[in-house]
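Data block below; observations after.
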Amino acid sequence: MRPASDMRERAPLAARPSPTVTYREPPAGPLPSRTLAAFGFGRAARAIDDPRWLGVALEPLGEAPVEVWTVDADVTYGRDGDLRWSRGGGWLYAAVECDEADHGGPEGAAAHAYRQLSAFVSRGPECHVQRIWNYLGAINAGAGDDERYKLFCNGRIAGMGEAFAQGFPAASAIGHHASEGLLQVYLLATDRPGTRVENPRQVSAWQYPRQYGRTPPSFARGTLLPADDLLAISGTAAVVGHASAHAGDLAAQLAETRRNRDALLANGGIPEGFDARAPLKAYVRHPADAAEVKAFADAHWPDAPLVVVHGDICREELLVEIDGWRYR
Ligand code: 3EB
């Protein structure tokens with residue numbers, strides 16, 4: 001329950017505009033004061049000693065820009081154990097990086113990361129988590145309920161706690177090829193609730209049947225941010241109903257993914273298509289497929305900035321997943 005005073009304060013205030021998300025040349029100097037977070041991709045990315053910087057453990061396939069989140073306010077930031085945070089203009093970025101070896105494996109590490117993030121988010125005004133990213137190694141290793149992704153899902157729900165009691169955020173969960181025990185989780189939260197958007201073509205992930213693991217994945221297909229100006233789009237793949245479609249067929253998976261993305265926009269009341277302000281990220285299981293993925297994106301979303309990275313999708317038969325943002 002939120003205290004009544006909070007409700008009174010919130011009602012007359014308009015939600016503040018969403019951060020801008022852009023792909024840019026790597027910054028030459030320190031991060032600007034209105035940068036909420038900045039992400040480099042892969043081993044070659046320059047490390048910046050700033051809590052707002054995260055070196056994402058996914059190798060770029062082709063161009064390697066830096067992803068920058070900018071808010072319309074000065075940003076404060078700091079560290080708290082293995083958590084890093086920044087806040088400004090009603091927005092909060094928080095990230096945890098940890099080693100599974102310190103937490104007994106993928107389940108314990110996910111529980112640890114989510115507990116840290118939940119506790120931190122619950123302490124401040126920006127307590128509404130809108131979007132979260134998860135990168136773990138060897139995501140498809142292990143059989144049946146012991147597949148590492150499924151263990152991650154068990155730990156994620158265990159650690160979520162109160163901060164996620166109002167519903168799950170939009171999310172991506174991707175396998176990296178850096179050191180196997182590394183878990184990276186980072187989020188965007190804000191001081192007003194957003195609106196979850198599901199996809200009528202897909203069973204909501206938290207309602208997936210038992211065959212996908214003991215714990216259904218805890219994410220929403222998308223979140224419309226509080227100012228109603230931006231849809232955060234979860235990792236989207238060729239899942240129809242709850243089943244994977246077109247196992248092993250990249251072209252068909254891409255077409256199905258596009259239908260899913262279009263259906264999500266339509267259901268969220270967002271104009272169709274992905275324009276120059278709609279940064280997209282494609283996670284590709286086989287680096288040799290990157291060119292076809294890029295050609296598909298160029299054909300259908302020619303204006304949308306695209307980063308392609310080497311990342312494994314959480315179901316072994318899926319070859320590609322695409323997430324991103326769509327400003328109204
Ligand atoms: C799917 O639709 C594909 O576990 O957080 C997509 C986005 C997927 C997020 C997650 C998983 C997650 O089920 C997989």
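Counting starts at 1 for both ligands and their atoms, in listed order. The figures here come from the full heavy-atom set of this structure, side chains too, leaving out hydrogens, waters and symmetry mates.
- Each of L31, T20, T22 was checked for a side chain to side chain contact (heavy atoms under 4.5 Å, CB included) with V68, and the lone residue meeting it is T22.
- Less than 4.0 angstrom separates some heavy atom of P217 from each of these atoms of ligand 1: 4 (O).
- In terms of N/O distances under 3.5 Å, ligand 1 is approached by Y149.
- The distance criterion of under 3.5 Å between nitrogen or oxygen atoms is met by Y208 with respect to ligand 1.
- Of the options F219, W133, F168, Y283, the smallest heavy-atom separation from atom 8 (C) of ligand 1 is shown by F219.
- E100 approaches E180 most closely through the heavy-atom pair OE2-O, 3.9 Å.
- Note on ring orientation: taking the six-membered ring where Trp is involved, the planes of Y149 and F152 are parallel (angle under 30°, cut-offs 30° and 60°).
- For atom 6 (C) of ligand 1, the nearest non-hydrogen atom from the set S204, C314, G235 comes from G235.
- Within ligand 1, counting atoms from 1 as listed, the ones closer than 4.0 Å to a heavy atom of A171 are 5 (O), 7 (C), 9 (C).
- Residue-to-ligand polar distances keep S172 apart from ligand 1: every N/O pair is separated by 3.5 Å or more.
- With a 6.0 Å cutoff to the six-membered ring centre and a 45° limit on the axis angle, R156 does not count as a cation-pi contact of F164.
- Contact analysis puts R221 in contact with ligand 1, with a non-hydrogen atom separation below 4.0 angstrom.
- Remark: ligand 1 and R156 share an N or O pair separated by less than 3.5 Å (distance only, no angle test).
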